[in-house]
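Worksheet: the structure to be examined is printed underneath.
Predicted model only: the values in this text are computed from it and were never measured. Letters go in sequence order (proteins before strands), and every chain restarts at 1.
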2 protein chains.
Amino acid sequence: MTRAATRPPSRNTWQRQAVLRTIEAAGCHLSAEEIHRRARRAGRPIALATVYRTLETFLRTGLVESAHIGDGLVRYGLASDHHDHLVCLGCGQWRPLEGCVVPRPRSALTRGFVVTGHRLELYGYCAQCRGPQGRGEARP
Amino acid sequence: MTRAATRPPSRNTWQRQAVLRTIEAAGCHLSAEEIHRRARRAGRPIALATVYRTLETFLRTGLVESAHIGDGLVRYGLASDHHDHLVCLGCGQWRPLEGCVVPRPRSALTRGFVVTGHRLELYGYCAQCRGPQGRGEARP
DNA sequence: GACAAAATGAGAGCCGTTCTCATTAAGAGC
DNA sequence: GCTCTTAATGAGAACGGCTCTCATTTTGTC
Ligand SMILES: [Mn+2]
Ligand SMILES: [Mn+2]
Ligand SMILES: [Zn+2]
Ligand SMILES: [Zn+2]
C-alpha cells in the first residue's frame with residue numbers, strides 16, 4: 001500500500017501566489033474575472049478555472065472571504081479582522097469600513113437565538129457615482 | 001398624434017395576481033423558480049419568464065423585496081418596513097428581527113460615501129440548533 | 001366592438017461558474 | 001539531483017439561473 005495521508009495537501013504554485021498577490025494588492029474586493037485579468041496582466045497567463053479553484057481553496061483555508069453584492073458576481077478579498085462594508089449602488093464597488101458599526105443586540109429582540117456574528121453592508125453612493133451635482137440612480 | 005402618457009402602464013393580469021398570492025401565502029422568502037413552481041401548482045401554467053418579469057415589476061413598485069442569501073439564488077418576499085434578520089448557522093432559517101439595530105454611521109467613517117440603506121444579518125443558532133447540549137456546526 | 005400597446009409564452013441566448021480530462025509539475029523520498 | 005506519486009493546472013465543454021426576442025394574446029380605453 002502507499003503512504004497514508006499526512007497533512008492537508010497544498011502545493012505552493014506560482015498561480016496561487018499570483019492570485020494571493022493580486023488580492024493583496026487590491027484595495028477592495030474583486031470578482032473572480034477581475035482577479036483573473038489583473039493576475040494575468042501582472043505576470044504569466046493563468047487559467048480562469050485555476051483562479052476559481054484557488055479562490056475556493058483560499059476560502060476553505062480562511063485566507064480570503066467572499067461576498068455576494070447582488071449583481072450576480074461574487075467578490076473576493078483578504079479575510080482579516082471583522083469589519084463591515086460600504087457598497088456603492090452605482091458602480092458596485094465593495095469596500096471595507098474601518099471597524100464595526102453594529103452594537104450587541106439586546107437579547108430581548110433575539111429571543112432564544114444566540115448571536116455569534118453578523119454581516120453588515122451599508123448601501124449608498126461613492127463620491128464618483130454621486131458625481132458633481134449628485135446623480136445616482138437607485139438600485140433596490 | 002396619440003394620447004400622451006398618463007399613468008405608469010400596469011395591467012391587472014391573472015399571472016400577476018398568481019405571483020403575488022404565492023408570495024403572500026409563503027411564510028418566508030422564495031426563489032423565482034420556487035414561486036414559479038408553486039404558482040403553477042396552484043393554478044394555470046404560467047411561464048417562468050413571466051414570473052421574473054412580474055417580480056421585476058413588483059420590485060420597482062416596492063411591493064416585494066429581494067435578497068441574496070449567498071447560494072446564488074435571489075429570494076423574493078413581501079416588502080414591509082425595514083428590518084434586519086437572524087440567520088441560523090445550524091438550519092439556515094432566515095427570520096426577520098423586530099426593528100432595526102444599526103445606528104447611522106458616523107460620516108467620519110464613510111468619507112465621501114453617502115449611505116442610503118443597509119442590510120444586516122445576525123448569525124448564530126436558534127433554540128433548536130443550540131439544542132440540549134448545544135451542537136452546532138459553523139457556516140463560514 | 002374596435003383599437004393600440006402592454007403583457008405573455010416559448011425557447012434561444014447570455015454569462016458567471018463549475019466540471020472533465022489529458023497534461024504538467026510540486027514535493028516527498030531516496 | 002533523480003524518481004515517483006498525485007495534486008494542480010489548462011483548455012474548453014457543460015451547467016444553471018436569469019434575460020432577451022418576437023410572434024401572439026390580452027388588457028384597458030375610446
Ligand atoms: Mn471585507
Ligand atoms: Mn425580510
Ligand atoms: Zn461608485
Ligand atoms: Zn436553526
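- Both T13(B) and E33(B) lie near DNA chain D, and the one whose nearest nucleotide falls closer to the 5' end is E33(B).
- For R11(A), taking side-chain heavy atoms from C-beta onward, the closest of the listed nucleotides dT26(D), dG27(C), dT8(C) is dG27(C).
- The phosphate of dG17(D) has neither OP1 nor OP2 within less than 4.0 Å of any side-chain N or O from S31(B).
- Note: CG (L30(B)) to P (dG17(D)) measures 15 Å, nearest angstrom.
- Counting only heavy atoms from C-beta outward, the side chains of L63(A) and L78(A) approach each other to under 4.5 Å.
- With dC18(D), dG27(C), dA7(C) as the candidates, the nucleotide lying closest to the side chain of N12(A) is dG27(C).
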Which pairs, protein N/O on one side and nucleotides 22-24 of chain C N/O on the other, fall under 3.5 Å?
none

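- You'll find the side chain of D84(B) stays beyond 4.5 Å of the side chain of L122(B), heavy atoms only.
- Between L73(B) atom CG and dG16(D) atom P there is a gap of 12 Å when expressed in whole angstrom units.
- Cluster partners of V114(A) are absent, since no Ile, Leu, Val, Met, Phe, Trp or Tyr has side-chain heavy atoms less than 4.5 Å from it.
- Between the side chain of R16(A) and the backbone N or O of T54(A), no donor-acceptor pair lies under 3.5 Å.
- Within the structure, a side-chain polar atom (N or O) of Q15(B) is placed less than 4.0 Å from OP1 or OP2 of dG9(C).
- Side-chain atoms of L20(A) and Q17(A), non-hydrogen and from C-beta on, never get closer than 4.5 Å to each other.
- Contacts between residues 38-56 of chain A and DNA chain C, counted as heavy-atom distances below 4.0 Å, involve L48(A), A49(A), Y52(A), R53(A).
- As rounded to whole Å, 11 Å separates atom P of dT8(C) from atom CD of Q17(B).
- Regarding W14(A), its CH2 atom lies at a distance of 18 Å from the C1' atom of dG27(C), rounded to whole Å.
- Whole-Å rounding puts the H68(A) NE2 to dC18(D) P distance at 12 Å.
- Screening R75(A), E65(A), Q93(A) for a side-chain hydrogen bond (donor to acceptor under 3.5 Å, both in side chains) with H29(A), the sole residue that qualifies is E65(A).
- Residues H85(A) and R119(A) have side chains not in contact (no heavy-atom distance under 4.5 Å, counting atoms from C-beta outward).
- Rounded to 10 degrees, the angle separating the terminal axes of the helix from dG1(C)-dC30(D) to dC30(C)-dG1(D) is 40°, with each axis obtained from five end pairs.
- Using a 4.5 Å heavy-atom cutoff, the side chains of L30(A) and I23(A) are not in contact.
- In the hydrophobic clustering, where aliphatic and aromatic side chains (Ile, Leu, Val, Met, Phe, Trp, Tyr) are joined below 4.5 Å either directly or transitively, Y52(B) groups with L48(B).
- Distance alone, capped at 3.5 Å, is enough to place a donor-acceptor pair between the R40(B) side chain and the I46(B) backbone.
- Scanning for salt bridge (charged side-chain N to carboxylate O under 4.0 Å, His left out) contacts around R38(A) gives E34(A), with sequence neighbours left out.
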